[in-house]
Each structure stands twice: as structure tokens, then as C-alpha cells.
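Notes to accompany the following structure.
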Amino acid sequence: MLSNIKFISKQKSISIPTYTIDYLPEALELFEDVVGVDTETTGYDAHGDRLLSLQIGDFNNQIVIDSSHYPLKELVDVLNEYFKDKVVILQNAQFDLRFFYKYGIDIPKLYDTLLAECIITGGLGNKEDIKNVKELLGKETAVKYVDRHLGLDKLALKYCNIELDKSIRGIIHREGMSERVIKYGADDVKYLPEIRNKQLEILNTYEEKYGIGLEVLELENEAVKVFSRMAFNGIKVDSSKYKKEVIAVADKEVKRTINELDAEVHKSPKLKKYAVYQGNLFFQTRKTEINWNSSTQKLKILNELGEKVKDTNANTIRKEVKHPIGKKLLEYNEYKKLENAFGEEFLKNINKETLRMHPSIWQILSTGRISMSDPNLLQIPARGHLGDTIRKCFIPEKGNKIVGGDYSGFELRIIAEFSQDPLWVNTFKEDGDLHSILCSETFDIPVTDVKKPFPYNTNITYRDVQKTLNFGLSYGMSEFKLSNTIGVSKAEAKQIIDKFFSKVPEVKKFLDKLGNLGKNRGYIKVPNPYGRIRFFPKFDVIKDYPYETKDISFRWYGEMERASKNTPIQGLNGTVIKRALIRTQQEIDNNKYPAKILLSVYDEIQTECEESFAEEWKNILQNCMIAAGEEIIKTVPVKADCAIGDYWIK
DNA sequence: CAATCGTGCGCG
DNA sequence: AAAGCGCGCACGATTG
């Protein structure tokens, strides 16, 4: 087997045939139209780290190119010409593509074995599910029913029955291109074509079994190019502004609120035992031994004050705590959160080479949406005291503009499209304000009155209640949650929901149908085109262990029902934003536009472009988004609003 | 002492 | 008996 490896390097290997780079064109002819490709690198950062090797191969032959001797940038022309009409298989393409983009290598037709596996096993591997099943029936059962494996070693085992040795991975950098490293690199591409074939076989059975075609796979294999480029581009943060206007302010406010909380403790006879003084005899500061960042301690304090709260969630405190300490706690919590999650540590995510943040992106969650980490740019504050200020710190390079925008009420339009409820559909067709119009129907009041205070809770308006309903119902909200959120009794909440659904009966039917589908079949689909499937492994667990899961099964069926209502809606939103990103990137590539995609946040796309191009680009971007939306939404208008700015505008 | 769990909250 | 979906992050508390 070793003899089928061709090592391209200036360093001779003892038992592996070694060639100079002149041999590359000939070696590349060993392969058919499908090849596996992989890289070894010194680390995860495409900007700071470098390539150690590039491997190209199939089951019969593998080429391992020593990048230390033959840098990728010298091979760009040969490789681009070669990849032009090949199907390139990568495991976790997002990683390799970032390095390829650095050197200008383009892969037009790619297949990602990791993404394919995510599609095949949609809904599996959920950590919460694993935990729940483990608690109930032990680890073995959890692994059997819920777990999934996406690593190349596990895929090789599953599809080729081969044990790949991954233990060497961590030492490649130190060891250099030793024989076992070369062999390891070759193995990483050797099995990719076979894995792909087997995965495609499975996906083809999904067509018949579930009505899910290969379109979603094509979508993801296109989208990964955009996401890797997006992560490679990164986004610029004005760190000195951020330090001054965000971190310093949050720190100051945390100190202030701690002092005020401590003062409350000193005031209260009930809390006296927590009081501490600091300083000397003449200058004493009133402190406490309470860590206000600890929810356990906060709960204890509130209980000692006679507040019978069960937790310290902001909502609970807002509604139930009468003592003035409640308000101060809320204030402290907000700034402490900013300090913790968006303070100094957050700024450390700025890349030293580029001075930008380059998140890593998980491309396929159980609904089809994406997630981000290191940092998670999907959770940058947009509201609250510092929301605006924080977003203003995300800026373009000199001479550029930020151009971005979002869809208007996209999930609500999905509900219109798929329920075909007359009132819901017509409101969008007439460009009416859905919340206001439905509100007037639910509460039998004129549209002009919808912003009047809600009699049961005068802190909010009728329209606020309707908004909660409109969004909550697509998550399967019940009267319990509604009564909790808007501060009415459960009976009243139920009345409101019933009245609301009586006005939009097709929406009710649509959601009930989805809920039942998931509960009865153990899976739910995101509709075609680009349809995908989400399995509910808990369904099979309940089926196989009915005797001891009676109380659990109520909970689990409820969870599956609500997830089934939400998955198609959330998932279609995810599909559309991916389609929009693909369209946008294609516009950029095909026309060589001076623009870059920076971010996509659920139903929003942010880009950066040359100032002189901004006006034109704004329209192009907006058209891409609308065209993508119209692939899915056909009976009501699709709206996307884009704008030009000097920072990230929400 | 490190690893894991629980709580709470940021976004849509 | 549970009662709005989908996430990642950071802290304190608990566990091994």
C-alpha cells in the first residue's frame, strides 16, 4: 500500500517514493474525475498559520506535497487548472478552504463529507438529548440512539470499515514529514471517494423514504465556500473605541451597581450578617461578602428578604420582586453580562495579523441554521444600554462602507406561504402591518387603538401582546407561557389564543399538522426545494422503552411537537439566507466586484465594499436577497431592506 | 486540581 | 407531568 503514495519533496524519504515538483502534472493524471483533498497545517488560523502539506488522492493513489519545499502559492496555476473540472472531496472544507483562499486556490465543484454526514444524520447528536437519554437509560442507549460521529476516522469506520489512526495528528508540526506523517496524510484522502459514494447511496434512499432530494447537499456544498470566505474575511473592530465606550463604561457601571447593592445590604437588618467594612478606621467603605455574580447567592439574598422567588431570571425579578434591590440587580446583571461576555476577553478574538475577528462557523444545526463561535458574532448586543454603541465599533476598512440589510418579517411570511391563511396572506399582500391588523382582530378593537395599553398589564400595549403571540405560536407556545409573559391568568391567556386562532384558522391547522407529523413519525422535514430532514431520536427511545418512560414521554412528545412546528419555519429561513449568500458571493465572483461578505446573522447579511461602489452594491445585494426569498415565498411579497453605513447598522 | 454541571442571558 | 424554538458563552457550584 505504501508504494501507492507519491511524496513530492526535496527531502528524500526512505521507503516512500519521492519526486520533485516536476512530477506533479504526471502524478495528477493518476486520478479520475473525483479526488480527495486534504491539508496539514501548523494550526487553525489561516492568517497566522501555514500549510505543511497538501494531499490529493483516491483509493489507489495518493500524492503528498511537502509545502515547506513547494509552497502553495507556486502551485496555484497548476492546481486551479486541475481542480477546474474535478469534483474535489474534502472533509470539513471550511477549514481547508480558508488556507486555499489565502493563496488564491479555487475549488469550483466540491463535496464535503462532513456536511453530507450532517445532512444524513440531521437532528442527531444533540447534547441535551444525549444527556436526557443517558440519565434515563444509561450511556450505551444514549450513544446508540442519539449520538453521531462526524470525524473522518469515524466516517472511514462507518463506510469503509477501516480504522484510521488519528493519534498522530497533534504531533505533525513537531515531527515534520516523517514516514508515518506522510502515511497519515495519504490516508486522509484515500477513503474520501468511497465515503462519498456510500453517503450518496444513503442520500438517494432518502428521496424515496422521506422525499428529500440531493438539492440540500448541493446547497451546503456551495454554501461552505461562502462561509469559509466569510470567516476568512472576518470583520474589523475599532478596539480603542470599544475599550473606551464599551468596556470602560461597563466596568464603571458594574462598580457603581455593586456599591448600590452593597448599600442595600447594609441598610437591611435582615441582611446584616453579610455586611463587611473595608478600609481603615477613618475611611471605611461598605462592602459585603456577597458575590453578586452568583445566582445561588442572589437567590439566597432575595429569599432572606422575603421575596419568594424560585430563580433569579431577569423576568422573574422584574415581575415578582417588590424590594428595590430587584431593580438594582437587573441593572447590575446587564452590565455584568456585558463585562463578562463582551469585555476584554471578547476583544482577544481580534486576529493579530488582520486586526479583524474571524469566527468559526458551524454550518448545519438541526434546523439547518448556522452557529458561530470564537467569537459568536450572532449574539453581539443589539439592544440594551450599550447595544448601539457596540455595533458602532464594527467598522469597514478605510475607503470602504458597510452595506447590509435584513429580511422584513421573513418567518411570518413563511407562515403565510405555507398556511395560505386568507387574513395572514392578504395582510402581507396589501403590505399591511401584520401585528396591528391581527391585533385588531384578536381583541376586537380598531387598528387605531392597538398601541393603547393592554388593560391586564398596562406596561405593554395590545400590539405587544399580539407580537408575542405571532412569534410565540411558531414555537408552539401555550397559555402557560403566554400568561407568564404578558401577565394575565392562564384562563385569560387561553381565551386570547383561542380568539386569535379563530381569526387565522389556517395557521392553526398548519401548525397542528406540523406538530402531529413530528410526534407521529419521529422526524420533521424542512420543505423542498433544498428539503432536509430532522430526526427525533427520542421518538425511537420512547418506542423501545415505553414501560419506564411514561412521565418522560409526555415531556418528550411535547418537545418534539413544538420543535416540529418551529423546524420548518426556522429551517426555511436558514435555507433562504444560505441561498442569498450563495447568490451574493456569485455576483461578487462573476463580476469581480470590490465587495466582501462579512456576516450573516439569521435573516441579515452584512458586507463591506469600496465607497464608490456602495450605492450600486446596495441594490445588487438587496436583489440577491429578494431573489433568494422568492425561490421559497411565492404568494406574498418578499421584502429586504439594505442600507449603507460606516458601521454595522441594525 | 481539573472536568462537568447548572444557571442565566446575548442574538434571531 | 411539561408547558416557545434554535444556539454559544461565562461564571459559580459541584463532582471526581
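In this text the structure is predicted, and so the values were computed from the model without any measurement. Note on naming: letters A, B, ... go to the chains in the order of the sequence lines (proteins, then strands), and numbering restarts at 1 for each one.
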Heavy atoms from C-beta onward define the side chain here; which of [options] lies closest to that of [X]?
| X | options | result |
| --- | --- | --- |
| A:N566 | C:dC9, C:dA13, C:dG6 | C:dG6 |
| A:Q379 | C:dG4, C:dG8, B:dG12 | C:dG8 |
| A:K337 | C:dC9, C:dA13, C:dC5 | C:dC9 |
| A:N293 | C:dG12, C:dC5, B:dG10 | C:dG12 |
| A:D603 | B:dG12, C:dG4, C:dG12 | B:dG12 |
| A:M477 | B:dC9, C:dA1, C:dG4 | C:dG4 |

Do [X] and [Y] get their side chains close enough for a donor-acceptor pair, meaning under 3.5 Å?
| X | Y | answer |
| --- | --- | --- |
| A:N92 | A:D112 | no |
| A:T312 | A:S295 | no |
| A:Q297 | A:Y274 | no |
| A:S483 | A:E492 | no |

* Which heavy-atom pair separates A:G629 from A:Y407 by the least distance, and what is that distance? -> N-OH, 3.9 Å
Whole-Å [atom1] distance, [N] and [M]:
| N | M | atom1 | result |
| --- | --- | --- | --- |
| B:dT7 | C:dA2 | P | 14 Å |
| C:dA3 | B:dG10 | C1' | 24 Å |
| C:dG4 | B:dT4 | P | 31 Å |

* **Side-chain-base donor-acceptor pair under 3.5 Å for A:Y602 and C:dG6** => yes
According to a strict under-4.0 Å criterion, is [X] in side-chain N/O contact with OP1 or OP2 of [N]?
| X | N | result |
| --- | --- | --- |
| A:S295 | B:dG6 | no |
| A:S366 | C:dC7 | yes |
| A:K131 | B:dG6 | yes |
| A:T296 | B:dT7 | no |
| A:R383 | B:dG10 | no |
| A:S371 | C:dG8 | yes |
| A:R562 | C:dG6 | no |
| A:T312 | B:dG8 | yes |
| A:N291 | C:dG12 | yes |

Whole Å only: how far is the [atom1] atom of [X] from the [atom2] atom of [N]?
| X | N | atom1 | atom2 | result |
| --- | --- | --- | --- | --- |
| A:Q363 | C:dC7 | CD | P | 15 Å |
| A:K298 | C:dC11 | NZ | P | 13 Å |
| A:K481 | C:dG4 | NZ | P | 6 Å |
| A:L469 | C:dA3 | CG | P | 19 Å |
| A:I364 | C:dC7 | CD1 | P | 13 Å |
| A:N313 | B:dG10 | CG | C1' | 14 Å |
| A:Q570 | B:dG12 | CD | P | 14 Å |
| A:R318 | B:dG8 | CZ | P | 14 Å |

Could you tell me whether [X] contacts a base, only the sugar-phosphate backbone, or nothing, with contacts defined as non-hydrogen atoms closer than 4.0 Å?
| X | answer |
| --- | --- |
| A:G558 | nothing |
| A:I380 | sugar-phosphate |
| A:R555 | sugar-phosphate |
| A:D374 | sugar-phosphate |
| A:E604 | nothing |
| A:F346 | nothing |
| A:N484 | nothing |

* Would A:S228 and A:Q94 satisfy side-chain hydrogen bond (donor to acceptor under 3.5 Å, both in side chains), going step by step from the backbone distance to the final call? -> CA-CA 5 Å; A:S228 51; A:Q94 194 188 139; over 6 Å; no
* Structure fact -> Value for CD1 (A:I247) from NZ (A:K241), rounded to nearest 0.5 Å, stands at 13.5 Å
* Stacking check: are the rings of A:F480 and C:dA3 less than 5.5 Å apart at their centres and under 30 degrees in tilt? -> yes
* Would you call A:E559 and A:K538 a salt bridge, using N to O less than 4.0 angstrom? -> yes
* Asked: Who does C:dG4 pair with, Watson-Crick or G-U, both distances under 3.5 Å?
  -> none
* Want to settle it: does A:R369 or A:K336 sit nearer the 5' end of DNA chain C, counting the closest nucleotide to each? -> A:R369
